[in-house]
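One structure below.
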2 protein chains.
Amino acid sequence: MTSAEILSSRDIKPSLPRVLIFDYLRQHRTHPTVDEIYSSLSVRMPTLSKTTVYNTVKLLSSAGIIKTITIEEQQARYDACTDLHGHFLCTDCGGVFDFDTSLPDSRLPHGFSVATQEVYYTGTCHHCNKNK
Amino acid sequence: MTSAEILSSRDIKPSLPRVLIFDYLRQHRTHPTVDEIYSSLSVRMPTLSKTTVYNTVKLLSSAGIIKTITIEEQQARYDACTDLHGHFLCTDCGGVFDFDTSLPDSRLPHGFSVATQEVYYTGTCHHCNKNK
DNA sequence: TAATAAATTTGTAATCATTACAAAAGTGAA
DNA sequence: TTCACTTTTGTAATGATTACAAATTTATTA
């Protein structure tokens, strides 16, 4: 399915900025920040505003089309893959990596309804462990 | 064990601000923000600086004595309970609640070493679900 | 104890990600 | 084309966090 089709199916008008941003996230699974999305796309679309990137990732995230990753204090990252998987932050190089994970066996208090589930690990990645 | 003893055992000098902040976190399991810690303690210790609260929670967190919770984009929260448990953010009232969770069965890529593990859920809490 | 060195705390001023907001631009219907 | 509505944009706030240097406290040495 194209990005525009996915947006339309969620009643989000597939404007050019929205399609570009969603496309970018679908093609770059590096969990980019708003800044990285903006810098990359403003080459192709010089009129793009960073505010539009902020607006769009918030729109897509609340529609459940992308995920907001808050593994770092400094800034949010975004992920077009909404399938269940964990995120690993390397505190050496700052990279964020995916890993396979099952859902933990959780006992929520009665009456709680779940919207999103995230598993965040931090540590040192393969590459940074080598350089020691 | 007293807070001062725990700090000492980690080679952190148990100064008054450090003990007060750590004590506060041990007694208030509500996952307070820096602002909440500062506001509460500055009544008893008017000379306390917010910078000291920032410095201290960073110190305690990197020593592994407390946990930094980044479930929200806006600000970090802190938790003196380092036992394994999940955190649930109610997107209606903003409260953060603990819940029991096992470790998910995760397959990390080879060579990755783990320092911290977090399970974050969002949704609606018991109380907010009632008011609907 | 006094003097000195080291560690800690403090207040103020940056930094910087995010949001507010209103004007501008774009889109679609009559 | 005109009008209403949505989206985008740029600028100016906001607000959490950090940098930093001065002030204070604590520890050490003589």
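What you are looking at is a predicted structure, and each value in this text was computed from that prediction instead of being measured.
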Donor-acceptor side-chain pairing of B:N129 and A:S113 below 3.5 angstrom
yes
Please compare B:K13 and B:Y38 by the position of their nearest nucleotide in DNA chain C and report the one closer to 5'.
B:K13
With a 4.5 Å heavy-atom cut-off, do B:Y54 and B:Y38 have their side chains touching?
no
Return the 5'-most residue of the pair B:P46, A:T51 with respect to DNA chain C, ranking by each residue's nearest nucleotide.
B:P46
Rounded to the Å, how far apart are B:L48 CG and C:dT8 C1'?
13 Å
Compare all side-chain heavy atoms of B:V114 with those of B:L108 and state whether any distance is below 4.5 angstrom.
yes
Mind checking B:T33 for me? I need base, sugar-phosphate or nothing, with any heavy atom below 4.0 Å counting as a touch.
nothing
Contact between B:E118 and B:K67 at the side-chain level, heavy atoms closer than 4.5 Å - yes or no?
yes
To the nearest angstrom, the CD-P distance between B:E72 and D:dG15 comes to 15 Å
In whole angstroms, how far is the C1' atom of D:dT7 from the CZ atom of A:F22?
19 Å
Using whole Å, what does the distance between atom P of nucleotide C:dT9 and atom CG of B:L16 come to?
9 Å
If you check the B:Q75 side chain, which of C:dT10, D:dT17, D:dT6 turns out closest?
D:dT17
Please confirm whether the shortest side-chain N or O distance from B:Y54 to OP1 or OP2 of D:dT18 is below 4.0 Å.
no
Pairwise side-chain contact, B:H31 with B:D98, heavy-atom cut-off 4.5 Å (strictly under)
yes
Among D:dT17, C:dT8, D:dT9, the nucleotide that comes nearest once only the side chain of B:R18 is considered:
C:dT8
For the side chain of B:T52, starting at C-beta, report the closest nucleotide among C:dT9, D:dA27, C:dG11.
C:dT9
Can you measure A:K58 atom NZ to D:dT7 atom P for me and round it to whole angstrom units?
16 Å
Counting the atoms with a prime plus P, OP1 and OP2 as sugar-phosphate, which does B:D35 contact under 4.0 Å by heavy atoms, base, sugar-phosphate, or nothing?
nothing
Please give, in whole Å, the distance from C:dA7 P to B:D11 CG?
13 Å
Nucleotide of D:dT7, C:dA17, D:dA27 approaching A:S15 most closely (side-chain heavy atoms):
D:dT7
Please report, rounded to the nearest Å, how far the C1' atom of D:dA19 is from the CG atom of B:N55.
10 Å
Phosphate OP1/OP2 of C:dT10 contacted by B:T47 side-chain N/O (<4.0 Å):
yes
B:E73 has a side chain; which of D:dT17, C:dT10, C:dT18 sits nearest to it?
C:dT18
Would you classify A:K50 as touching base, sugar-phosphate or nothing, given that sugar-phosphate means primed atoms plus P, OP1 and OP2, and contacts are heavy atoms under 4.0 Å?
nothing
Nearest whole Å is fine: how far is C:dT9 P from B:M45 CE?
8 Å
